[in-house]
Structure formats: structure tokens, C-alpha cells
**Q** 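The structure under discussion is supplied below as C-alpha cells; questions concerning it will follow.
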Amino acid sequence: MGVVPAIELTGLTKRYGPVVGVDRLSLTVGSGEVFGFLGPNGAGKTTTLRCLTGLLRPSEGRVRVLGLDPDADHRRVAPHLGYLPGELRLYPELSGAETLDLLAALQGAPVPRRGELCDRLGLTPPILARPVGGYSRGMKQKLGLVQSMQHDPQVVVLDEPTEGLDPLVQETFFALLDEASAAGRTVLLSSHVLPEVQRTCGRVAIIRDGRLVTVESVAGLREARARRIRLSFADGQGARALGDAERWAPRWQGDRVELLVPPSEVVGALRTLLGLAVADVTVEEAGLDEAFMDLYRDGAGREEP
Ligand SMILES: Nc1ncnc2c1ncn2[C@@H]1O[C@H](COP(=O)(O)OP(=O)(O)OP(=O)(O)O)[C@@H](O)[C@H]1O
């Protein structure tokens with residue numbers, strides 16, 4: 001497919017009557033990327049993924065998967081696209097194997113990876129022979145993962161893929177993502193689980209209220225994250241004036257104070273603070289989840305209309 005991006009959204013807008021699910025979202029994801037899609041509840045993640053897989057028609061804007069319109073060109077896109085919905089609905093009376101056959105027919109492609117994926121995820125032939133109505137939540141999720149990759153698609157779209165999976169199976173899933181990326185496949189992964197995103201994704205987009213807040217590399221987010229400076233004072237006087245350092249929103253607990261300071265300002269902050277009667281000081285990186293949380297909460301960098 002040459003230089004055609006695996007996924008390209010241009011001004012994607014989806015309205016449900018008066019409710020705007022996604023608002024002018026533009027995003028490009030290249031081949032071989034494992035791309036994270038994050039945002040608080042109701043941010044528009046599922047809506048975006050449904051537009052990407054041709055299940056919803058955009059109100060405005062353009063969606064391209066491998067250069068094709070997944071709505072108008074559904075039959076051409078389907079063999080190259082895998083999708084795990086957030087709420088997988090299955091026919092309870094069909095067996096696991098019949099379910100995979102049915103979904104393969106909809107994908108319109110051979111399923112060269114089905115056996116290997118079932119093996120690795122522990123879906124044995126006796127399990128696959130049972131009706132899925134009797135499957136546990138984790139077993140259903142595994143079946144969902146197998147169907148999303150059984151036809152070895154170029155682009156895999158996963159909505160909350162590790163829901164219900166035990167930690168061992170999650171490790172297998174992470175290995176599958178690494179392998180997919182190494183093989184030049186593209187994975188778009190919507191998730192609320194920050195360590196999972198940190199572990200698997202190269203870049204992440206954060207959306208909020210249907211709008212793109214930021215697109216960042218996970219490494220970039222890590223570098224930009226604030227440093228946590230903790231100071232303690234030995235004289236038992238509790239909270240006191242911190243001079244210039246007040247602007248980093250000090251949080252006091254008795255004689256100890258904590259500040260979150262941008263990396264470029266740490267040295268200046270320490271100069272100011274160490275002029276006070278400090279008994280002890282530590283500086284450490286704040287967690288990546290805090291960087292995410294700030295973006296979730298504030299919508300930093302969000303464009304106004
Ligand atoms: N079928 C629908 N009819 C009306 N409004 C809808 C419909 N589907 C989604 N919405 C609205 O669109 C917005 C985005 O919802 P969406 O399900 O895409 O969010 P999400 O980011 O996937 O949320 P979550 O993390 O809770 O799954 C919400 O305000 C939601 O109420």
C-alpha cells in the first residue's frame with residue numbers, strides 16, 4: 001500500500017441528534033504503529049472506532065483505512081481489518097468454532113492464524129466445541145481477540161481488549177501486539193488501563209468531549225512529566241511561606257511539603273527552596289499516570305472552536 005497511512009481521520013464528526021460524539025477529529029496512524037486511544041468515559045473513543053470499522057457513518061469528515069472508505073468500500077476493507085468491540089455480542093447457541101467461522105465469513109478472508117491464536121490463548125478444541133453462551137467473560141474475550149486477528153489483517157482495532165483477561169493471558173496479548181507491530185501491522189487500541197498503554201503503545205492520542213487533546217509519544221510524555229520535590233523541615237513549625245515556590249501549588253502535610261515542578265524549572269526551584277531551613281529533600285519523577293491524568297482533566301492543548 002506504499003505511503004498510504006494505515007488509518008487517516010480528517011475532521012471526523014459524529015452527531016447523535018443533538019449529542020456530539022466526536023467533534024472534528026483528525027489523526028493519522030502509520031503502518032507498524034501500536035497506537036493508544038485514551039480518554040475519559042464518554043469521550044468518543046467507541047464512536048471513533050465504530051466509524052473506523054464502517055459500523056457507523058460519519059456525520060462529517062473523512063475516514064480512510066488503508067486508503068479506503070470503510071463505509072462505502074466495506075467489502076474491500078473487511079479482509080484487511082480486524083475489530084474487537086468493547087461489548088462483544090455473540091450468538092449463545094453457536095460453538096466457539098462456529099462463531100469464528102461466522103465472523104470469518106463476514107471478514108471475507110482466509111484465517112491463517114486461527115489455530116495458532118487459539119493455542120496461545122488457551123482456547124482448546126474441547127472449549128471451542130462448546131456453545132459460547134456457557135463461556136466465562138475471559139473466554140469470550142479471548143474468542144474476540146482470536147476473531148480480530150484470525151485473518152491476519154493489516155489493521156487491528158481493539159476496544160478495551162484486556163477487559164476480563166487474567167495477567168498471564170495479558171502477557172500473551174502484549175506479545176501478540178509486539179509481533180503485530182514487528183510484522184508491519186497497525187494496531188489501534190482504546191484503553192483506560194494506563195500501564196497497558198505504557199507497555200504496548202508507541203504513541204497515544206487523548207480525546208475528551210469528542211475532541212483531540214493531544215497526540216504524543218509515550219516516551220515524550222515520560223520526558224515531559226513533572227518532577228516531584230519533597231521537602232521536610234525539622235523545626236516543627238508546619239506550613240510556611242515558600243516564596244517563589246508557592247506557584248508550584250505546595251501540598252503540606254505537617255512539616256513536609258510536596259511540589260510538582262516542570263523538569264526545566266527544577267534547578268531554579270531547588271535554589272529557592274534550599275534557602276529555607278530544610279532538613280531533607282528528595283526529587284523524583286512523577287508517575288506517567290499523573291501526566292495522563294492532567295491531560296484527562298484539563299484538556300491541555302485543546303483547540304477552541
Ligand atoms: N447510540 C448513541 N446514541 C446517542 N448518544 C450516543 C450514542 N453512542 C454514543 N453516544 C454519546 O456520544 C458520546 C461519546 O460516546 P462513546 O461511547 O464514543 O465514548 P467512549 O469514549 O467510548 O466512552 P467509554 O469510555 O465510557 O466507553 C457520549 O456523550 C455518548 O453518550
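Hydrogens, waters and symmetry mates are skipped; everything else that's a heavy atom, side chains included, is used. Order of listing sets the numbers, starting from 1, for every ligand and every atom in it.
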**Q** Please list all pairs meeting salt bridge (charged side-chain N to carboxylate O under 4.0 Å, His left out) that have one or both residues in residues 92-101, counting only residues at least two apart or in different chains.
**A**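 Of all non-adjacent pairs touching residues 92-101, those that pass salt bridge (charged side-chain N to carboxylate O under 4.0 Å, His left out) are D101-R114.
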
**Q** Do the non-hydrogen side-chain atoms of L94 and L102 ever get within less than 4.5 Å of each other?
**A**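 Sidechains of L102 and L94: in contact.
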
**Q** Is atom CZ of R247 surrounded by more than 12 heavy atoms (other residues, nucleotides or ligands) closer than 6.0 Å?
**A**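 Result for CZ/R247: enclosed.
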
**Q** Can you list every pair where an N/O of ligand 1 is under 3.5 Å from an N/O on the protein?
**A**
{"residue": "ligand 1", "atom": "8 (N)", "partner": "Y16", "partner atom": "OH", "Å": "3.4"}
{"residue": "ligand 1", "atom": "18 (O)", "partner": "T47", "partner atom": "N", "Å": "2.9"}
{"residue": "ligand 1", "atom": "18 (O)", "partner": "T47", "partner atom": "OG1", "Å": "2.6"}
{"residue": "ligand 1", "atom": "19 (O)", "partner": "G44", "partner atom": "N", "Å": "3.1"}
{"residue": "ligand 1", "atom": "21 (O)", "partner": "A43", "partner atom": "N", "Å": "3.1"}
{"residue": "ligand 1", "atom": "21 (O)", "partner": "G44", "partner atom": "N", "Å": "2.9"}
{"residue": "ligand 1", "atom": "21 (O)", "partner": "K45", "partner atom": "N", "Å": "2.8"}
{"residue": "ligand 1", "atom": "21 (O)", "partner": "K45", "partner atom": "NZ", "Å": "2.8"}
{"residue": "ligand 1", "atom": "22 (O)", "partner": "T46", "partner atom": "N", "Å": "2.8"}
{"residue": "ligand 1", "atom": "22 (O)", "partner": "T46", "partner atom": "OG1", "Å": "2.8"}
{"residue": "ligand 1", "atom": "23 (O)", "partner": "G42", "partner atom": "N", "Å": "2.8"}
{"residue": "ligand 1", "atom": "25 (O)", "partner": "N41", "partner atom": "ND2", "Å": "3.2"}
{"residue": "ligand 1", "atom": "25 (O)", "partner": "K45", "partner atom": "NZ", "Å": "2.7"}
{"residue": "ligand 1", "atom": "25 (O)", "partner": "H192", "partner atom": "NE2", "Å": "3.0"}
{"residue": "ligand 1", "atom": "26 (O)", "partner": "N41", "partner atom": "ND2", "Å": "2.9"}
{"residue": "ligand 1", "atom": "26 (O)", "partner": "G42", "partner atom": "N", "Å": "3.3"}

**Q** Grab the two heavy atoms, one from L273 and one from A245, that are nearest each other, plus how far apart they are.
**A**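 So the two residues come closest at CD2-CB, 3.5 Å.
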
**Q** Only one of L165, L176, L88, L117 forms a side chain to side chain contact (heavy atoms under 4.5 Å, CB included) with L145, so which one is it?
**A**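 Running side chain to side chain contact (heavy atoms under 4.5 Å, CB included) over L165, L176, L88, L117 with L145 returns exactly one hit, L165.
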
**Q** When you look at Q147 and Y83, which way does the side-chain contact (heavy atoms from CB on, under 4.5 Å) test go after all the steps?
**A** CA-CA 8 Å; Q147 66 79 28; Y83 176 47; 5.8 Å; no

